[in-house]
Amino acid sequence: MTGFALNAKTIQKELNLSETAAEQAMSECPKTTDTELDIYQQNIVDHIANSIDDARRMALEDLNNLDAARENIENDIEGFSLNQIIESARHKIVRMHAEWHEILDNAKQEEDAVVRNHRYFLH
């Protein structure tokens, strides 16, 4: 996301406001009775308006990107089927049962042989 901040010092430097203000003060402009913006004031308003427009455009682009990402996530989520997940888990359980059943079956046969030999030894 982009951040937006108006920095008065930056605007002052970009528009040469210190020099312009000094020049206007020397010619006693703008008059306190003025009701319309002079060219320098209009430049400040235009500069800030353009900065806000640029920030708004970047924010809208970010918002559109986020919307697209959200839609992709929603599509991914909709692609998952609970039945498919359950069936996949069921297949994994059956496969693991088959693997361990053979191992446990062999261990049981070995145990039976050891118990038989132990009983034979005791008699």
Side-chain angles (χ1 to χ4, degrees):
M1 295 283 304
T2 57
F4 174 72
L6 288 174
N7 186 327
K9 294 263 187 214
T10 303
I11 295 171
Q12 178 183 358
K13 287 179 185 176
E14 288 178 7
L15 299 179
N16 265 343
L17 293 182
S18 295
E19 294 156 9
T20 303
E23 289 173 15
Q24 284 187 311
M26 301 279 273
S27 61
E28 296 182 14
C29 292
K31 304 282 186 207
T32 56
T33 57
D34 282 352
T35 58
E36 293 182 12
L37 299 176
D38 65 14
I39 187 70
Y40 303 109
Q41 294 167 333
Q42 188 63 49
N43 285 343
I44 295 169
V45 170
D46 291 345
H47 182 81
I48 291 174
N50 289 337
S51 296
I52 291 171
D53 286 343
D54 290 344
R56 182 177 185 276
R57 189 173 31 263
M58 288 188 297
L60 286 173
E61 287 174 11
D62 287 344
L63 182 60
N64 288 336
N65 291 336
L66 289 172
D67 280 342
R70 179 188 47 78
E71 287 176 10
N72 287 339
I73 291 170
E74 285 177 355
N75 289 339
D76 288 346
I77 289 172
E78 288 173 359
F80 288 116
S81 166
L82 186 56
N83 289 334
Q84 289 174 337
I85 293 170
I86 291 171
E87 194 60 34
S88 174
R90 192 172 286 142
H91 286 298
K92 288 179 183 177
I93 290 170
V94 167
R95 189 178 44 222
M96 288 180 68
H97 180 269
E99 290 173 10
W100 284 101
H101 181 73
E102 184 179 337
I103 293 170
L104 291 174
D105 207 29
N106 290 341
K108 177 67 173 142
Q109 290 175 6
E110 289 178 26
E111 178 192 24
D112 289 346
V114 169
V115 168
R116 241 186 349 266
N117 289 338
H118 181 265
R119 286 186 186 150
Y120 179 78
F121 175 76
L122 291 177
H123 290 308

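- In this structure, CZ in Arg90 is found 9.0 Å from CG in Asn83, a value given to the nearest 0.5 Å.
- In this structure, the separation between CG on Asp62 and CG on Asp67 is 11.0 Å, given to the nearest 0.5 Å.
- Rounding to the nearest 0.5 Å places CG of Asn117 at 11.0 Å from CG of Leu122.
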Point to revise | Candidate pair Glu74 and Arg70, rule salt bridge (Lys or Arg N to Asp or Glu O under 4.0 Å), full reasoning | key: CA-CA 6 Å; Glu74 285 177 355; Arg70 179 188 47 78; 3.0 Å; yes
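- Between Ile103 atom CD1 and Asn106 atom CG the span is 8.0 Å, to the nearest 0.5 Å.
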Point to revise | Stepwise salt bridge (Lys or Arg N to Asp or Glu O under 4.0 Å) check, Asp53 with Arg56 | key: CA-CA 5 Å; Asp53 286 343; Arg56 182 177 185 276; over 6 Å; no
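- Applying the side-chain contact (heavy atoms from CB on, under 4.5 Å) test between Ile48 and each of Ile44, Asp46, Asn50 identifies Ile44 as the sole match.
- We find that Lys108 and Asp105 are not joined by a salt bridge, their nearest charged nitrogen and carboxylate oxygen being 4.0 Å or further apart.
- Other residues, nucleotides and ligands place no more than 12 heavy atoms under 6.0 Å from the CD atom of Glu102.
- Checking side-chain atoms of Ser88 against main-chain N and O of Gln84 turns up no donor-acceptor pair under 3.5 Å.
- Considering CG of Asp54 and CE of Met58, their distance stands at 6.0 Å, rounded to 0.5 Å.
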